[in-house]
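The chain is numbered in sequence order, starting from 1. Computed over heavy atoms, backbone and side chain alike; hydrogens, waters and symmetry mates excluded.
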Amino acid sequence: MTKYYREAEEIKKERRNSELWLQAAYIYEALLDASPVFNPLSKKNKPFPFRSEPIPITASGSKQSDERKKKQRLENGKEAMRAMMAAINDRFKKKKEGGEANNGS
């Protein structure tokens, strides 16, 4: 019976150690994100944005996080292509309008 209590206690200690390590990782990241504010020689005086979601610690959480990042990159790419397409269309419209005005005069 004591063997199982010792094993349970060891598992609890490992879990607590992992929790504390994760907390330290968050604090370290927060300090790094805020470091440009405290560095007078830094060209960038604004802090980096804080993490928008927790650090995934499970395989499924990591997979979900990767999927969200891929979808976000895809959406950003779509928006960039739409903006580029709109700019090209505007350029062609202006060129066409300018060409018609020159031909009609």
Side-chain angles (χ1 to χ4, degrees):
M1 203 61 149
T2 58
K3 175 183 171 185
Y4 298 112
Y5 286 118
R6 286 184 192 154
E7 287 177 7
E9 185 64 27
E10 190 168 320
I11 291 170
K12 286 179 188 177
K13 285 180 183 179
E14 287 177 10
R15 182 178 294 145
R16 179 72 176 144
N17 188 31
S18 295
E19 290 171 357
L20 292 173
W21 182 87
L22 187 60
Q23 183 180 11
Y26 279 118
I27 292 169
Y28 181 76
E29 185 176 326
L31 289 173
L32 287 178
D33 289 346
S35 65
V37 174
F38 301 114
N39 184 358
L41 302 176
S42 175
K43 292 180 182 178
K44 184 178 179 185
N45 292 332
K46 293 185 179 182
F48 294 104
F50 189 72
R51 179 178 283 278
S52 62
E53 59 185 36
I55 298 172
I57 57 175
T58 61
S60 64
S62 179
K63 190 175 181 179
Q64 290 173 352
S65 177
D66 289 343
E67 288 295 322
R68 280 193 296 271
K69 287 178 185 177
K70 285 179 186 177
K71 284 182 182 179
Q72 185 62 40
R73 274 188 263 139
L74 182 64
E75 288 299 318
N76 291 346
K78 284 181 182 178
E79 288 301 318
M81 290 301 286
R82 284 186 186 121
M84 191 177 0
M85 184 178 65
I88 290 171
N89 287 341
D90 288 343
R91 193 169 43 184
F92 280 129
K93 284 181 186 177
K94 287 179 183 177
K95 198 174 194 180
K96 187 176 179 182
E97 290 171 359
E100 288 176 0
N102 291 339
N103 290 338
S105 336

Same apolar cluster (I L V M F W Y, side chains within < 4.5 Å links), Met81/Phe92: yes
Identify the two heavy atoms, one from [X] and one from [Y], that lie closest to each other, and give their separation to 0.1 Å.
X: Pro56; Y: Ser65; result: CG-CB, 4.1 Å
X: Thr58; Y: Gly61; result: OG1-N, 3.0 Å
X: Lys46; Y: Val37; result: C-CG2, 4.2 Å
X: Ala30; Y: Phe50; result: CB-CE1, 4.3 Å

pair Arg73-Lys70: side-chain heavy atoms closer than 4.5 Å: yes
Sub-4.5 Å side-chain heavy-atom contact between Lys78 and Arg82: yes
Using 0.5 Å steps for rounding, measure from the [atom1] atom of [X] to the [atom2] atom of [Y].
X: Met84; Y: Asn89; atom1: CE; atom2: CG; answer: 11.5 Å
X: Ile88; Y: Lys93; atom1: CD1; atom2: NZ; answer: 13.0 Å
X: Tyr28; Y: Trp21; atom1: OH; atom2: CH2; answer: 11.5 Å
X: Gln23; Y: Ser18; atom1: CD; atom2: OG; answer: 12.5 Å
X: Leu22; Y: Asn17; atom1: CG; atom2: CG; answer: 11.5 Å
X: Arg91; Y: Lys95; atom1: CZ; atom2: NZ; answer: 8.0 Å

Charged N-O contact under 4.0 Å between Arg6 and Glu9: no
Within 6.0 Å of CD in Glu7, more than 12 heavy atoms from elsewhere: yes
